[in-house]
Amino acid sequence: MAIVSGSCRLGLWHVHVWWSGNVVHRVRFATTGISGTVPGPVLRYCAGMPADLSVLGSIALDGDSLSAEIYRAVRDVSYGSTATYGAIAARTGTAPRVVGRAMAHNPTPLVIPCHRIVGARGIGGFTPSVEIKEALLSMERKGTRKVPR
DNA sequence: AACGTACACTTAT
DNA sequence: ATAAGTGTACGTT
């Protein structure tokens with residue numbers, strides 16, 4: 001299946017997605033958009049709906065490398081909740097720092113919700129801007145609020 | 001191939 | 001507040 005690309009708006013940023021069927025090859029944040037569309041779940045998610053992005057696959061999930069295992073563990077963190085680098089590390093039998101590195105190199109953010117992985121103390125980092133991470137987390141908190149205020 | 005350094009961390013002084 | 005421990009990747013010898 002051919003790889004197609006597209007982008008959609010997410011707050012002040014544009015998210016570019018390269019994908020093929022329901023497998024996402026690359027996701028990236030940029031300040032400008034490109035032509036083309038993105039997978040439905042991504043579109044809904046960016047619109048602020050609690051879309052389930054785990055229906056999408058990611059090339060980063062394949063294989064039995066350590067990073068693939070870490071990505072699989074991260075993918076299990078559900079919408080609106082968070083986990084610490086240390087927790088993911090414990091679950092995959094490695095060190096927190098390694099999880100941080102894997103997150104930094106995550107080829108498909110959102111699909112693999114690396115923004116839900118925070119530090120034991122602080123929020124942790126995010127490429128290209130930690131502001132995106134904060135925005136995503138606050139958006140998810142609102143999205144899962146059971147009783148509207 | 002060894003070595004040093006840089007990290008999206010954590011835990012212990 | 002600072003330091004030491006940790007695993008992997010990457011640039012330099």
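Just so it is clear: chains get the letters A, B, ... in the order the sequence lines come, proteins before strands, and each one is counted from 1.
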Give every donor-acceptor pair under 3.5 Å between a side-chain atom in residues 19-36 of chain A and any protein atom, sequence neighbours left out.
unit_1 : atom_1 : unit_2 : atom_2 : d
A:W19  : NE1    : A:T37  : O      : 3.2
A:S20  : OG     : A:M1   : O      : 3.0
A:S20  : OG     : A:A2   : O      : 3.4

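- Checked against side-chain hydrogen bond (donor to acceptor under 3.5 Å, both in side chains), A:R75 has no partners two or more places apart in sequence or in another chain.
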Can you give me the N/O atom pairs linking the protein to nucleotides 10-13 of chain B at distances under 3.5 Å, or say none if there are none?
unit_1 : atom_1 : unit_2 : atom_2 : d
B:dT10 : OP1    : A:G86  : N      : 3.1
B:dT10 : OP1    : A:A120 : N      : 3.4
B:dT10 : OP2    : A:A120 : N      : 2.6

Per-nucleotide pairing state of DNA chain B [Watson-Crick or G-U, under 3.5 Å; [ ] pseudoknot-crossing; | other strand]: |||||||.|||||

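- The CG atom of A:L136 sits 4.5 Å away from atom OH of A:Y45, with the distance rounded to the nearest 0.5 Å.
- Contacts between residues 57-71 of chain A and DNA chain B, counted as heavy-atom distances below 4.0 Å, involve no residue at all.
- The side-chain contact (heavy atoms from CB on, under 4.5 Å) check on A:S65 picks up A:S67, A:A68, with sequence neighbours excluded.
- Taking the side chain as every heavy atom from C-beta outward, A:L110 and A:H115 approach each other to under 4.5 Å.
- Residues in residues 86-99 of chain A take part in these side chain to side chain donor-acceptor pair (under 3.5 Å) pairs, two or more places apart or across chains: A:D76-A:R91.
- Separating the CD atom in A:E134 from the CE atom in A:M139 is a distance of 14.0 Å, to the nearest 0.5 Å.
- Linking ILVMFWY residues whenever their side-chain heavy atoms come closer than 4.5 Å, directly or via other members, places A:L137 and A:V130 in the same cluster.
- As a whole-Å value, the separation of A:I88 CD1 from B:dA8 C1' is 13 Å.
- Counting to the nearest Å, the C1' atom of B:dA8 and the CD atom of A:E134 are 13 Å from each other.
- Rounded to whole Å, atom C1' of B:dC9 lies 18 Å from atom CZ of A:R91.
- In this structure, the side-chain contact (heavy atoms from CB on, under 4.5 Å) partners of A:L43, at least two apart in sequence or on a different chain, are A:C8, A:V38.
- The P atoms of C:dA1 and B:dA8 are separated by 22 Å, rounded to the nearest whole Å.
- Using atom P as the reference point in both B:dA6 and C:dA3, the two lie 16 Å apart (nearest Å).
- Taking A:T127 as the reference, nothing meets the side-chain hydrogen bond (donor to acceptor under 3.5 Å, both in side chains) condition, with sequence neighbours excluded.
- Applying the side-chain hydrogen bond (donor to acceptor under 3.5 Å, both in side chains) criterion to A:D52, with sequence neighbours excluded, gives A:S54.
- Using a 4.0 Å cutoff on non-hydrogen atoms, no part of residues 107-116 of chain A comes near DNA chain C.
- Interatomic distance, A:L53 CG to A:Y79 OH, rounded to the nearest 0.5 Å: 9.0 Å.
- Through direct or relayed side-chain contacts under 4.5 Å between Ile, Leu, Val, Met, Phe, Trp and Tyr, A:V99 connects to A:L61, A:L66, A:I70, A:Y71, A:V74, A:V77, A:Y85, A:I88, A:V98, A:M103, A:I112, A:I117.
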